[in-house]
Amino acid sequence: MGDTTTVPDSAGEFTESAASVAGLDEVLWDTISTAVLLRSHPQFDERVLDAYARDGASALPTAELVGVGGLVDAVEPMASLVELARERAGERMPQLQLHVADPAEWEPDGYDLVQCVLGIGAFDDVTAGTRHLVERARPGGRIVIAVWARDSLDPLPGLLAAAAGGSATAGGSAAAESDEEPEEPADEESDAAAEPPHTVVAADTAGSLAHWLTELGLVEVRAEAVQRHVDLTPEVAWLLVQGTGLHGLVDGLDESELDAVRERYLAAIADADVHAVDATTIIAVGRRPD
């Protein structure tokens, strides 16, 4: 197994996030990855690109399925997650190549299978990034994309947004104290803020995801909702913030602000008597034209 680069994580918060991602393996990532592989069908000797591979939840079982005659390029921009994947894999799968790299800039192509499990939302430009993944497949190659379903993880996004409302905004600092009344945000800004940060709004149903991938040039596209739920404990509820796209609602907060948000968020979950959340994903399979 090898790296394309040794770029470290850019901030301490990412190390905590990596541990949180790994903490969700058993309750979330492993079962979702299994559902994806049942539809992507990695075969002996195939070449596979696994984009946004995280700590290897889908890449490792894919490598086992393609065997030593195959290849799995697992591409993940967070170095600490790649290190976790390396620890999970050990030295038993020479066909698994781990790369610290940006999937939007990954140039090798000709793959029999390209798969991305809950990762396309991380692209700065989701459409351009997903098109780039499609172009990594060989003519006739398979592309498998998994995204969060609409309303997945509800009501956590709303409860977290409310809990974070009194703290610094994502990516910024707390507002300076002032006697003036704060301006009301524009309607467009309010609508954008209301969009859950872990979903891809244009592709959060089976129909919309299939249509979108067809517009990107795939053929024989089929998509389906795979239903599941996650039982909530306070630990799991906070891991879902740190280890999924929900962290976008609290990015930029300092430690004391984050502690306060966590306390309010967990209290809101208890007050709402929420014991489980929907973790349904949409999985689409298509083929690049011959």
Side-chain angles (χ1 to χ4, degrees), residues 1-34 36-37 40 42 46-68 70-124 126 129-130 132-133 136-137 143-147 198 239-248 251:
M1 294 176 288
D3 289 330
T4 56
T5 178
T6 57
V7 175
D9 296 335
S10 59
E13 66 184 270
F14 288 118
T15 301
E16 182 179 6
S17 177
S20 300
V21 170
L24 291 169
D25 281 339
E26 184 175 348
V27 298
L28 198 62
W29 308 133
D30 290 347
T31 56
I32 291 174
S33 296
T34 296
V36 170
L37 265 60
S40 63
E46 283 192 323
R47 296 178 67 246
V48 180
L49 171 62
D50 191 299
Y52 287 109
R54 292 191 183 87
D55 65 342
S58 56
L60 270 67
T62 297
E64 292 178 347
L65 290 169
V66 302
V68 294
L71 170 70
V72 175
D73 280 321
V75 179
E76 164 57 48
M78 192 184 296
S80 54
L81 282 175
V82 172
E83 185 58 33
L84 289 176
R86 179 177 292 106
E87 292 175 4
R88 293 181 66 183
E91 301 298 327
R92 59 193 174 93
M93 289 184 288
Q95 67 272 29
L96 175 63
Q97 297 293 307
L98 298 168
H99 309 275
V100 181
D102 184 351
E105 299 178 357
W106 184 254
E107 292 303 324
D109 57 14
Y111 292 98
D112 301 296
L113 168 63
V114 175
Q115 60 189 20
C116 185
V117 182
L118 302 178
I120 63 170
F123 285 124
D124 291 334
V126 175
T130 306
H132 182 76
L133 292 186
R136 300 308 97 202
I143 293 89
V144 181
I145 303 292
V147 297
H198 64 296
L239 284 173
L240 287 169
V241 174
Q242 295 179 297
T244 73
L246 292 180
H247 69 76
D251 280 349

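These numbers were taken from a predicted model, which means no experiment stands behind them.
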Visitor: Within the structure provided, determine whether Gln97 and Leu71 are in side-chain contact (heavy-atom separation under 4.5 Å).
Guide: yes
Visitor: Would a 4.5 Å heavy-atom cut-off, applied to side chains only, mark Leu133 and Ile143 as touching?
Guide: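 No - every pair of side-chain heavy atoms lies 4.5 Å or more apart.
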Visitor: Residues two or more places apart in sequence or in another chain: which of them pass side chain to side chain donor-acceptor pair (under 3.5 Å) with Tyr111?
Guide: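 Per chain and number, Tyr111 pairs via side chain to side chain donor-acceptor pair (under 3.5 Å) with Asp73, Trp106.
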Visitor: Would a 4.5 Å heavy-atom cut-off, applied to side chains only, mark Arg136 and Glu107 as touching?
Guide: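 Side-chain contact under 4.5 Å: yes.
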Visitor: Evaluate His99 against Glu76 for side-chain contact (heavy atoms from CB on, under 4.5 Å), listing each step before the verdict.
Guide: CA-CA 6 Å; His99 309 275; Glu76 164 57 48; over 6 Å; no
Visitor: List the residues meeting side-chain contact (heavy atoms from CB on, under 4.5 Å) with Ala104, not counting sequence neighbours, and say none if there are none.
Guide: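 Only Asp102, Phe123 meet the side-chain contact (heavy atoms from CB on, under 4.5 Å) criterion with Ala104.
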Visitor: Kindly say whether Ala22 contributes a backbone atom to a donor-acceptor pair with the side chain of Trp29 at under 3.5 angstrom?
Guide: no
Visitor: Among residues at least two apart in sequence or on other chains, which ones pass side chain to side chain donor-acceptor pair (under 3.5 Å) with Gln95?
Guide: none
Visitor: Are Val75 and Val100 side-chain neighbours, meaning at least one heavy-atom pair lies under 4.5 Å?
Guide: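 Result no, sub-4.5 Å side-chain heavy-atom pair not found.
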Visitor: Just jot down the side chain to side chain donor-acceptor pair (under 3.5 Å) partners of Thr244, sequence neighbours excluded, or say none.
Guide: none
Visitor: Quick one: are Glu64 and Arg92 in side-chain contact, heavy atoms under 4.5 Å?
Guide: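 Counting from C-beta outward, Glu64 and Arg92 do come under 4.5 Å.
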Visitor: Would you tabulate the side-chain donor-acceptor contacts of residues 112-120 under 3.5 Å, counting partners in other chains and residues two or more places apart, or write 'none'?
Guide:
{"residue": "Asp112", "atom": "OD1", "partner": "Arg138", "partner atom": "NE", "Å": "2.7"}
{"residue": "Asp112", "atom": "OD2", "partner": "Arg47", "partner atom": "N", "Å": "2.8"}
{"residue": "Gln115", "atom": "OE1", "partner": "Ser40", "partner atom": "OG", "Å": "3.3"}
{"residue": "Gln115", "atom": "NE2", "partner": "Asp50", "partner atom": "OD2", "Å": "2.9"}
{"residue": "Gln115", "atom": "NE2", "partner": "Thr62", "partner atom": "OG1", "Å": "2.9"}

Visitor: Using the salt bridge (charged side-chain N to carboxylate O under 4.0 Å, His left out) criterion, which residues pair with Asp30? Sequence neighbours excluded.
Guide: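 Asp30 satisfies salt bridge (charged side-chain N to carboxylate O under 4.0 Å, His left out) with Arg88 only.
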